[in-house]
Amino acid sequence: MGTIYYGGSATPIHIDDRTLAHLKVVIATKLRRDESFTVTWPHPEDQPRGRSTIWLHSSIPMRFVFDNPEPEDLSREWIDKLSLSANSSGGILLVAENVEEPPDDVSDDSPQVVDIATR
């Protein structure tokens with residue numbers, strides 16, 4: 001389970017290492033370009049129901065901590081999906097890595113979200 005320490009918040013954000021590795025690439029790319037955006041995630045089952053959103057800006061300190069010392073193999077497709085989300089007006093909504101695309105004749109605009117657990 002990885003962790004994001006964001007700004008002066010005393011509450012760390014816990015995200016599994018694989019998701020965090022992909023999210024880090026997208027966040028670093030956007031902030032390197034000095035582009036601000038939001039990240040939204042659903043609350044884990046052990047917390048009150050709901051979701052949280054943070055505003056990311058290059059002036060706000062952020063640290064990524066991974067439990068696994070070995071870097072993850074990254075999926076270009078997942079990074080692309082997260083990047084498209086980051087470029088939207090709604091910001092990044094954490095979506096599952098292997099989302100099955102619906103057949104062309106079925107319309108389902110609801111994203112599948114990653115369940116982010118905390119310790």
Side-chain angles (χ1 to χ4, degrees):
M1 186 63 58
T3 308
I4 297 176
Y5 294 94
Y6 183 67
S9 175
T11 306
I13 303 164
H14 299 287
I15 303 174
D16 71 272
D17 274 7
R18 181 151 179 83
T19 302
L20 185 57
H22 288 79
L23 188 58
K24 183 190 88 166
V25 170
V26 176
I27 289 173
T29 300
K30 296 280 289 174
L31 294 181
R32 186 174 49 246
R33 296 176 184 154
D34 206 26
E35 297 173 3
S36 301
F37 57 101
T38 61
V39 175
T40 300
W41 65 94
H43 292 169
E45 290 181 14
D46 64 341
Q47 293 182 2
R49 209 177 115 163
R51 68 182 182 277
S52 292
T53 300
I54 56 173
W55 176 256
L56 287 103
H57 187 275
S58 59
S59 67
I60 301 170
M62 182 180 324
R63 181 168 57 114
F64 301 91
V65 178
F66 297 89
D67 283 349
N68 187 353
E70 299 300 319
E72 297 285 335
D73 290 330
L74 298 176
S75 162
R76 169 53 55 194
E77 183 179 353
W78 196 12
I79 290 171
D80 289 345
K81 285 181 183 180
L82 290 171
S83 295
L84 283 173
S85 181
N87 291 328
S88 72
S89 60
I92 294 177
L93 176 61
L94 292 180
V95 294
E97 177 174 6
N98 295 315
V99 176
E100 292 288 328
E101 296 296 327
D104 290 334
D105 61 340
V106 176
S107 177
D108 182 7
D109 295 332
S110 60
Q112 296 180 4
V113 294
V114 177
D115 184 28
I116 302 171
T118 62
R119 283 192 175 175

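Hydrogens, waters and symmetry mates are skipped; everything else that's a heavy atom, side chains included, is used. Starting from 1, each residue takes its place in the sequence as its number.
Cluster annotation: Ile54 is connected to Met62 through the hydrophobic network of ILVMFWY side chains, with a link wherever side-chain heavy atoms come within less than 4.5 Å. Leu31 and Val65 fall into different hydrophobic clusters, where Ile, Leu, Val, Met, Phe, Trp and Tyr side chains are chained together by heavy-atom contacts under 4.5 Å. A continuous path of hydrophobic side-chain contacts links Ile4 to Phe66 [ILVMFWY only; heavy atoms under 4.5 Å].
Looking at residues two or more places apart in sequence or on another chain, you find no side chain to side chain donor-acceptor pair (under 3.5 Å) involving Ser36. Shown here are the side chain to side chain donor-acceptor pair (under 3.5 Å) partners of Asn87, two or more places apart in sequence or in another chain: Lys30. In this structure, the salt bridge (Lys or Arg N to Asp or Glu O under 4.0 Å) partners of Arg76, at least two apart in sequence or on a different chain, are Asp80.
The distance from atom OG1 of Thr19 to atom CH2 of Trp78, rounded to the nearest 0.5 Å, is 3.5 Å. To the nearest 0.5 Å, atoms CG (Leu74) and NZ (Lys24) are separated by 8.0 Å. A distance of 9.5 Å separates NE2 of His14 from CG of Asp67, quoted to the nearest 0.5 Å. Annotation: the span from Asn68 atom CG to Leu20 atom CG amounts to 11.5 Å, rounded to 0.5 Å. Here Trp55 contributes atom CH2 and Phe37 contributes atom CZ; the two are 9.0 Å apart, rounded to the nearest 0.5 Å. Atom NE2 of residue His22 and atom CD1 of residue Ile15 lie 13.0 Å apart, to the nearest 0.5 angstrom.
Residues Pro48 and His43 share a closest heavy-atom pair of O-ND1, 2.9 Å. Across every non-hydrogen atom of Gly2 and Asp17, the tightest pair is N-OD1, 3.0 Å. Counting all heavy atoms, side chain and backbone alike, Asp34 lies closest to Ser58 at OD1-OG, 2.7 Å. In this structure, Gly90 and Thr38 approach most closely via the heavy-atom pair O-OG1, 3.1 Å.
For the pair Ile27 and Phe64, the minimum side-chain heavy-atom distance is below 4.5 Å.
The one candidate from Leu84, Thr29, Val25 that meets the side chain to side chain contact (heavy atoms under 4.5 Å, CB included) condition with Ile79 is Val25.
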### Query
So Leu56 and Ile92, side-chain contact (heavy atoms from CB on, under 4.5 Å) or not? Walk me through it.
CA-CA 10 Å; Leu56 287 103; Ile92 294 177; over 6 Å; no
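Judged by distance alone, with hydrogens and angles left aside, the side-chain atoms of Ser85 form a donor-acceptor pair with the main-chain N or O of Leu93 at under 3.5 Å.
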